[in-house]
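What follows is a short report on a single structure.
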Amino acid sequence: MPLVSTSKLLTAVLAAGWLAEALAGKNSDVEAGIAAYNSGDHEAALTAYAAAEAELGERPEIFYDRGLALVAKGDKDEARKAFERGTESTHPDVHASSEYELGNLDLDAEAFDPAIEHYIKCLKAKPDHANAKWNLELALLKKKQKEEEEKKKQEEEKKDEENKDEENKDEQKQDEEKKDEQKQDEEKKDEQKQDEQKQDEQKQDEQKQDEQKKDEQKQDEQKQDEQKQDEQKQEKGEQPQPQPQPQPQLDKADLDKALEQLDAEDNFQLDRPARQIRVEKDW
């Protein structure tokens, strides 16, 4: 719904009523400014108000009229400054109208709390200001709608966060399940590897046992051949040749140690020849 403004209503009666009274007399520049504003020539209105200010001084009433021309021109920032000066007027109509226009600027900017405050100040100065009552209700309604929208938005954002948390939990759960599956796969692979190693070891043991059996069989065959040869020699009257027994191999360090022990046990070491002398023949 468009904002309701009293600008045209007030400017239409300025020359005939309260502005002349507020200014303690009619002023040609003020009247020229009002006429230019009503005709839509806002620059001319501003020029006329500047001339009135030069003659009458910085009057809140002139600032209020200047604010109307600035709003129509689209310069809201300067208009706000002018209306704020207009609220300094002791004339109830000028003061109330300045608060009303400030409320409209705030309402248009969706600054509902300050707009409500300006409309209330307007109605305190002029309780029968119908447009201020209307716009106050509008500001309260829009504020409530905005609060509900913000609340709904917060609830949606909260719900989105909860959904994201649930999604994150699901993702974490899936990651954990995936890790568990990977761990199980690795354990299975390790078990398979261990089984393969055991099988290899068993196979190697079996091969080793087979080789040992073959060696034993070979030794048995050799013994049987030797026995057979001995039997054949005995039948021919020949004595079997004893098989040379393998001599144990002595480690040099062990041999030296054994000789040192013998020397230690021998009480007549000096009567014995040195160990380095080797006897070639037993006389």
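Using modelled atom types, one side-chain atom of N163 and one backbone atom of K159 make a donor-acceptor pair closer than 3.5 Å. Put simply, the side chain of T87 gets close to the backbone of E84: a donor and an acceptor are under 3.5 Å apart. Between the side chain of Y64 and the backbone N or O of G86, no donor-acceptor pair lies under 3.5 Å.
Looking at Y37 and D65, their side chains never come closer than 4.5 Å, going by heavy atoms from C-beta outward. Residues F112 and L140 fail the side-chain proximity criterion, which asks for heavy atoms closer than 4.5 Å. You'll find the side chain of K208 stays beyond 4.5 Å of the side chain of Q204, heavy atoms only. Using a 4.5 Å heavy-atom cutoff, the side chains of E61 and S89 are in contact. Contact annotation: the side chain of E166 never approaches that of E162 to less than 4.5 Å [non-hydrogen atoms, C-beta and beyond]. Counting heavy atoms from C-beta on, the side chains of I34 and Y49 come closer than 4.5 Å.
Partners of K133 by salt bridge (Lys or Arg N to Asp or Glu O under 4.0 Å), not counting sequence neighbours: none found. Here E58 pairs with R85 under the side chain to side chain donor-acceptor pair (under 3.5 Å) rule; sequence neighbours left out.
Of the candidates K121, K143, R80, K76, D106 forms a salt bridge (charged side-chain N to carboxylate O under 4.0 Å, His left out) with just one, namely R80.
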Taking it one step at a time, do E78 and K81 satisfy side chain to side chain contact (heavy atoms under 4.5 Å, CB included)? CA-CA 5 Å; E78 291 298 321; K81 294 177 183 179; 3.4 Å; yes
Check step by step if side chain to side chain contact (heavy atoms under 4.5 Å, CB included) holds for E43 and D41. CA-CA 6 Å; E43 288 293 344; D41 191 351; 4.2 Å; yes
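With respect to K151 and E148, no salt bridge is recorded, no charged nitrogen being found less than 4.0 Å from a carboxylate O. The pair E53-R66 counts as a salt bridge, with a side-chain nitrogen and a carboxylate oxygen less than 4.0 angstrom apart.
Residue L70 shares its hydrophobic cluster (ILVMFWY side chains chained together at separations under 4.5 Å) with L46.
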